[in-house]
Amino acid sequence: MSSTSSSIPRSQAALQKAFQAALAREMAQAQAQQLPLDAQAVLRAAALACRDVLAARWAQVQMADAARRLGQGVRRVHYLSMEFLMGRALHNALSALGLRDCLEQALAPLGLALGDVLEREPDAALGNGGLGRLAACFLDSFAELGLPSFGYGLRYEYGMFAQGIADGRQIERPDDWMRAGNPWEVVRPELRYLVRFGGRVVVEGGQRRWVGGEEVEALAFDFIVPAHHSARVSTLRQWQARSVNPIAFDAFCRGEHAQANQHRVAAEALNWVLYPDDSTEAGQMLRLKQEALLVSASLQDLIARHLREAGGLQGLGRANAIHLNDTHPALAPAELMRLLLDEHGLGWEEAWNLTRQAVSYTNHTLMPEALETWPLRMFEALLPRHLEIIYEINHRFLEGVRRQHPGDDALLRRVSLIDEGPGDFHSRGGERRVRMAALAVVASHRVNGVAQLHSDLCVQTIFADYARLFPDRFHNVTNGVTPRRWLAQANPALSSLLDETLGEGWRTDLSELKKLAKKAGQLKLQKAFQQVKRANKEKLAARIRMETGLVVSPDSLFDVQIKRIHEYKRQLLNILHVIARYQAIVANPAAAPDGMPWVPRTVVIAGKAASAYQMAKLIIQLAHDVGRVVNSDPRVGDKLKLVFLPNYGVSLAETIIPAADLSEQISTAGTEASGTGNMKFAMNGALTIGTWDGANIEMAEHMGVDEMFVFGLRTEGVAKIKALGYDPRLYIEESRALKAVMDAIGDGSFSGGDANRYRALLDNLQQRDGYLLMADFADYCATQARVDELFRDPAGWSQRAIKNVAGMGWFSSDRTIAEYVERVWSVESLG
Ligand SMILES: *Cc1c(COP(=O)(O)O)cnc(C)c1O
């Protein structure tokens, strides 16, 4: 690996020279070994050359931040997240550094196209979905806004999993994304911290100490994220667990090689994959260990840095923000307390004040089953000292509540950090558990939801008791996405059109997009917009053909739903509509029910199902079964196609989103905390068909409510219908179309006569239908008919699409981060 150059190029010309020199040096490595200078070799060389430049900037930024903090009391943000869905890095780095043309010129003599090199890069898919991608967008905005910060995560060697499809069913493979090495990462061998699991607590001279058990070493790997309009960078520091002991030599000499290595494998298993299937006890243990590893290494790193900069622990809470991205790192307050009390000798009050000042927490879901809790038994076995500290936090907290609300034992039970088991609605399997969300709320000075509706519901439902106890603690910060990746890079054609129409100001201030609104009626702009969309659709059609063999028409309406497969997101509702449309086309190929010719549609679905989530996997299979029948029916032709694109991830999203006409955001109202996919689509000129849920609501408000296709029950409607005793069968009996759809799935029409394949799925829809698909089906189909109607009018459609883009300026993650700084991370927010 190359050494890092120490001088920082000041001008663009000097930067280019430094890059070219590094590139030549790295390519010489390949040439010297007589390896072909192919796309793979160039990818590696270019990444290393960019990394050199970025590492030089990184050092500069750290020095500047340290000086700034001492001078002005600026806080440094530490963003703890189990997931960072970064995607590819080279295109982003080249754009940020202005080196795209430079590399393109270097490639010309080799006969290589830049696009082929960029396509070679594997995605860093160290995340599951929106929460992880949000963290990645935030790192981009940290750099762009020049915020002193560290993102902290784990270095998963095999990501989550790579999705394959065999016989219409999802199969999971390890995502071996670092097979060819990872040229981006900067290893920091000097940064190693010990992390303990198991053992026991002893008292030594009045001090409680955690001893014994096993220790692993956490080693830091940095990934550097560039700003696009300055020389700032931000950092993603990822931990790799290593055994502290080398191989057991005696076992090795006895020829017991596996034995000699066992403890090393156990340590490294911590870094294999994100979210090991936690349907087993061993999986749950591994997951809790991963969370502890992330939290402990990150906080030790923070404290060491603070001590270097400030010379003592004083001011730690005011100088450092520690942000919990959902409850996965919610162990952080307990670990910080442990470090301050046991390792640094602070008293409880002082330690607790520093902790409360530093910690803040974002909630990402209202679903009770998704709120993390851990069995006390497991905590006791792995993290005995943390459990003691959590008990003490709980004791002091409940004392305060009791003073405020004497005699209200029910309240105490509801807000306790410990779920006492049977009889409690939070409990699972009847055993006592630690409620991680409760710990995060009690230990934070700020708690926020991720869209206005979600933040309101947090306060009204899951956190209602806490909100009454701590009325000033709860806030909203609506999510955003980085326009660098999701507009400038993903959609260069639309970006050029925006440059021509508005000037380049939108690139640094996305709110400039609103100037488009009054131009949306211009014919010339509409035509140009249509050309851009058409070219993007042709690219996607080629990709679909390559991946699946299916030929789709770029003239058809591209109707897209890409996101994790989950019942609440209602991919199934989408598929039911496809079946209804299919049946209507077969019944009358000449005309839609409104008498007009059918609007040809290509429905695109992509997404992964969690490996233990059987219902989600069944939905993927149904999509394939329905696709097979519909796509091969000669009566249908181009009028309808259903495509499932495998292995959804950031790069696939970057190809699909710019080509979408229609964005499906159809979660049951009150279930999607925010969504960010919804924002990426609208920013790229897709119209949204969506429920009144998550950030859809704020998007509609920013673009004008009539510019979105809104349908379905709202949150209050959902609550009402459930309170009255929801019976999905009533809706099925009422609608001939819906009944025909259900019957066709049930009689094996899509499963080669196998009437049992979808039994579980149909039973669920008929008997429970917890996400109200049956109730929303009719309105959804009627709204899809309105979509067709508008699509028949290309001018009307493009005008609306342009207005959608115009309304999206507020949804930049730069705006989101500015709000976090103001409401959550500022010194002022500490009160
Ligand atoms: C944006 C994004 C998500 C989040 O999508 P939602 O529709 O908001 O659930 C998930 N995965 C990837 C790869 C993304 O880019």
Side-chain angles (χ1 to χ4, degrees), residues 81 83-89 91-92 122-141 159-163 175 177 274-275 325-326 364-365 367 370 449-451 453-454 478-487 489-491 559-571 573-574 604-610 616 645-660 662-668 671-684 686 688-691 693-699 808 811-813 816:
S81 180
E83 304 185 20
F84 286 89
L85 208 44
M86 302 298 287
R88 290 175 175 145
H91 188 182
N92 185 54
D123 270 35
L126 312 187
N128 177 16
L131 172 155
R133 184 53 230 175
L134 185 77
C137 283
F138 282 5
L139 291 175
D140 187 90
S141 288
M160 189 172 68
F161 65 82
Q163 179 192 54
D175 173 13
W177 69 287
L274 166 75
Y275 290 160
N325 193 27
D326 215 349
H364 284 271
T365 178
M367 283 181 203
V450 288
L453 174 68
H454 169 238
T478 300
N479 283 167
V481 300
T482 170
R484 271 76 66 186
R485 182 172 296 260
W486 295 111
L487 184 50
Q489 276 153 238
N491 202 343
D559 170 353
V560 181
Q561 186 173 27
I562 51 173
K563 48 183 78 228
R564 275 182 303 125
I565 309 291
H566 199 291
E567 287 164 279
Y568 86 78
K569 291 174 180 282
R570 300 203 294 192
Q571 282 91 355
L573 181 60
N574 185 351
V604 177
I605 300 179
K608 293 177 181 176
L645 282 173
N647 207 23
Y648 179 53
V650 172
S651 293
L652 188 56
E654 287 174 47
T655 320
I656 295 175
I657 290 170
L662 186 66
S663 156
E664 298 269 353
Q665 308 299 336
I666 60 177
S667 50
T668 314
T671 63
E672 184 71 90
S674 163
T676 47
N678 46 4
M679 300 169 190
K680 301 166 196 166
F681 279 101
M683 222 172 251
N684 282 278
T688 301
I689 182 165
T691 43
D693 198 19
N696 294 353
I697 299 171
E698 286 152 89
M699 284 167 52
M808 292 306 293
F811 295 89
S812 164
S813 48
T816 307

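Whatever order the structure lists ligands and atoms in, that order sets their numbers, starting from 1.
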**Study point:** Thr691 and Arg570, any side-chain heavy atoms less than 4.5 Å apart
**Key:** yes
Revision key, fill the gap. Atoms of ligand 1 under 4.0 Å from any heavy atom of Gly649, numbered from 1 in the order shown, are 13 (C)
Check your understanding: In terms of residue, atom name and distance, what is the protein heavy atom nearest to atom 11 (N) of ligand 1?
Key -> Tyr648 CE2, 3.4 Å
Exercise for review: Hey, could you give me the CZ/CZ distance between Arg133 and Arg485, rounded to the nearest 0.5 Å?
Suggested key: 5.0 Å
Point to revise | Heavy-atom side-chain contact between Tyr648 and Ile565 under 4.5 Å | key: no
Check your understanding: Any N/O of Arg133 closer than 3.5 Å to an N/O of ligand 1?
Key -> no
Point to revise | For Lys680, the ligand 1 atoms whose distance to one of its heavy atoms is below 4.0 Å | key: 1 (C), 2 (C), 3 (C), 14 (C), 15 (O)
Revision key, fill the gap. What one should report as the nearest heavy-atom pair of Ala695 and Ala451 is N-CB, 3.9 Å
Point to revise | Per-atom contacts of ligand 1 with Gly130, taking only distances under 4.0 Å to non-hydrogen atoms | key: 3 (C), 4 (C), 10 (C)
**Study point:** Gln571 and Lys563, any side-chain heavy atoms less than 4.5 Å apart
**Key:** yes
**Study point:** Distance filter under 4.0 Å to Thr676 heavy atoms, resulting ligand 1 atoms
**Key:** 1 (C), 4 (C), 8 (O)
Review point. Are Ile562 and Leu652 close enough that some pair of their side-chain heavy atoms sits under 4.5 Å apart?
Key: no
Exercise for review: Output the distance between atom CE (Met679) and atom CE (Met808), rounded to the nearest 0.5 Å.
Suggested key: 6.5 Å
Point to revise | Derivation of the side chain to side chain contact (heavy atoms under 4.5 Å, CB included) call for Ile657 and Trp486 | key: CA-CA 9 Å; Ile657 290 170; Trp486 295 111; 4.1 Å; yes
Check your understanding: To the nearest 0.1 Å, how far is atom 9 (O) of ligand 1 from its closest protein heavy atom, and which atom is that?
Key -> Lys569 NZ, 2.8 Å
Practice item. Considering only non-hydrogen protein atoms, determine which one is nearest to atom 5 (O) of ligand 1 and report residue, atom name and distance to 0.1 Å. Key: Gly677 N, 3.7 Å
Check your understanding: Counting from 1, what ligand 1 atoms have a heavy atom of Lys563 closer than 4.0 Å?
Key -> 6 (P), 7 (O), 9 (O)
Revision key, fill the gap. If we number the atoms of ligand 1 from 1 as shown, the ones under 4.0 Å from a heavy atom of Gly675 are 8 (O)
Review point. Going by the atom numbers of ligand 1, which of them fall below 4.0 Å from some non-hydrogen atom of Val650?
Key: 13 (C)
Review point. Which ligand 1 atoms does Trp486 reach within 4.0 Å, using its non-hydrogen atoms?
Key: 15 (O)
